[in-house]
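Step one of this worksheet: look at the structure below.
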Amino acid sequence: MSGPYVIRGSVSLPEAELMWRFSRSSGPGGQHVNTSDSQVELRFDLAGTQALPEAWKRRALERLSGRLVDGVVSVRASEHRSQWRNRETAAVRLAALLAEATAPPPKPRRATRIPRGINERRLREKKQRSETKRGRSGRNWS
């Protein structure tokens with residue numbers, strides 16, 4: 001592996017908590033594809049991990065509830081012929097998934113009034129456009 005996969009800040013995926021499974025890939029390959037286990041499935045026990053802060057863990061469990069099986073999130077990769085590259089892809093994908101799931105919610109939008117000048121300009125431009133289009137009809141032509 002190319003090192004720790006950072007989720008956000010100083011929090012990264014702990015290597016000891018990652019569960020790897022390899023199987024034959026249906027993806028790209030050559031003569032070697034029928035004998036090599038190049039597909040990678042990476043599993044991470046989100047419910048039981050101690051690597052994430054408690055608030056992040058709650059947020060991730062809530063947001064990823066549809067993807068979890070008994071509190072475990074799973075990611076597959078089989079794009080590459082090499083098992084090594086598929087391992088890298090799966091780990092990066094899992095880190096990105098967890099980063100997105102643990103992100104703080106966006107700040108609520110503050111309602112603001114539209115300035116009167118902007119509204120008046122919009123209505124004036126609409127009226128001009130209406131006049132232009134009305135002038136194109138051939139009603140008054142004799």
Side-chain angles (χ1 to χ4, degrees), residues 1-15 17-34 36-142:
M1 300 286 292
S2 68
Y5 292 95
V6 176
I7 295 173
R8 193 169 54 252
S10 62
V11 179
S12 60
L13 285 173
E15 187 65 38
E17 293 186 23
L18 299 179
M19 297 168 279
W20 300 92
R21 205 176 105 208
F22 308 100
S23 59
R24 292 196 180 141
S25 175
S26 62
Q31 293 173 332
H32 193 57
V33 76
N34 294 331
S36 66
D37 293 341
S38 60
Q39 177 173 302
V40 173
E41 182 180 353
L42 176 57
R43 297 165 51 99
F44 180 67
D45 186 6
L46 187 58
T49 187
Q50 298 299 314
L52 296 176
E54 200 55 41
W56 288 20
K57 191 157 85 169
R58 264 196 319 273
R59 202 178 297 147
L61 285 169
E62 181 183 318
R63 289 183 182 167
L64 297 176
S65 62
R67 283 190 70 143
L68 297 177
V69 178
D70 297 328
V72 176
V73 65
S74 146
V75 174
R76 279 194 181 155
S78 63
E79 295 82 52
H80 306 289
R81 291 176 62 171
S82 151
Q83 184 189 99
W84 182 260
R85 286 180 63 195
N86 282 331
R87 283 176 64 119
E88 292 286 317
T89 302
V92 167
R93 216 179 270 167
L94 179 64
L97 180 71
L98 289 175
E100 188 177 323
T102 59
K107 290 182 180 177
R109 182 187 175 277
R110 279 183 34 213
T112 56
R113 280 188 60 236
I114 298 173
R116 193 165 92 214
I118 289 177
N119 207 22
E120 287 173 356
R121 185 178 66 205
R122 180 182 65 84
L123 293 173
R124 189 172 55 249
E125 288 171 357
K126 277 182 70 162
K127 194 171 266 319
Q128 285 175 348
R129 184 79 178 144
S130 167
E131 290 297 323
T132 302
K133 287 190 168 193
R134 192 165 6 152
R136 289 179 185 158
S137 67
R139 281 184 286 173
N140 298 337
W141 292 52
S142 309

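All heavy atoms count here, side chains included; hydrogens, waters and symmetry mates do not. Everything quoted here is computed from the prediction, not taken from an experiment.
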Kindly check if the number of other-residue, nucleotide or ligand heavy atoms within 6.0 Å of CD (E17) is above 12? yes
Is the backbone of S38 close enough, under 3.5 Å, to the side chain of N86 for a donor and an acceptor to pair up by distance? yes
Examine distances only and state if a side-chain atom of T49 and a backbone atom of D45 form a donor-acceptor pair shorter than 3.5 Å. no
Distance-only, no hydrogens or angles: does the R59 side chain make a donor-acceptor pair with backbone N or O of A101 under 3.5 Å? no
Which pair of heavy atoms, one from A47 and one from K57, lies closest together, and at what distance? O-NZ, 3.3 Å
What do you reckon, is CD of E131 surrounded by more than 12 foreign heavy atoms closer than 6.0 Å? yes
Tell me the closest heavy-atom pair linking T102 and A60, and the distance in Å. CG2-CB, 3.8 Å
Step through the shown structure and confirm whether more than 12 heavy atoms of other residues, nucleotides or ligands are within 6.0 Å of CZ on R85. no
Testing L97, L98, V72 one by one against F44 for a side chain to side chain contact (heavy atoms under 4.5 Å, CB included), which residue passes? L98
To the closest 0.5 Å, what do you measure between CZ (R58) and CG (L52)? 12.0 Å
Minimum heavy-atom distance E79-T89, with the two atoms named: OE1-CG2, 3.3 Å
Backbone of M19 reached by a side-chain donor or acceptor of R43 within 3.5 Å: no
Heavy-atom nearest pair, R63 first then A103, reads NH1-O, 2.7 Å
Test item: R67 side-chain N/O and V73 main-chain N/O as donor-acceptor pair under 3.5 Å: no
List, one per line, each side-chain donor-acceptor pair under 3.5 Å for residues 107-119, sequence neighbours excluded.
from: R116; atom 1: NE; to: E120; atom 2: OE2; distance (Å): 3.4
from: N119; atom 1: OD1; to: R122; atom 2: NE; distance (Å): 3.4
from: N119; atom 1: OD1; to: R122; atom 2: NH2; distance (Å): 3.0

For the atom pair CZ (R76) and OG (S23), what is the distance rounded to the nearest 0.5 Å? 6.5 Å
side-chain contact (heavy atoms from CB on, under 4.5 Å), that's the test. Do V40 and E88 meet it? Break it down for me. CA-CA 10 Å; V40 173; E88 292 286 317; over 6 Å; no
Between the CG atom in L61 and the CG atom in L46, the distance rounded to the nearest 0.5 Å is 4.5 Å
Does some side-chain heavy atom of V69 sit less than 4.5 Å from a side-chain heavy atom of S74? no
Scanning both residues in full, the closest heavy-atom pair of V6 with S12 reads CA-CB, 3.9 Å
To the nearest 0.5 Å, what is the distance between CD on E41 and CZ on R21? 4.5 Å
Pairwise distance CZ(R129) to NZ(K133) - rounded to 0.5 angstrom: 5.0 Å
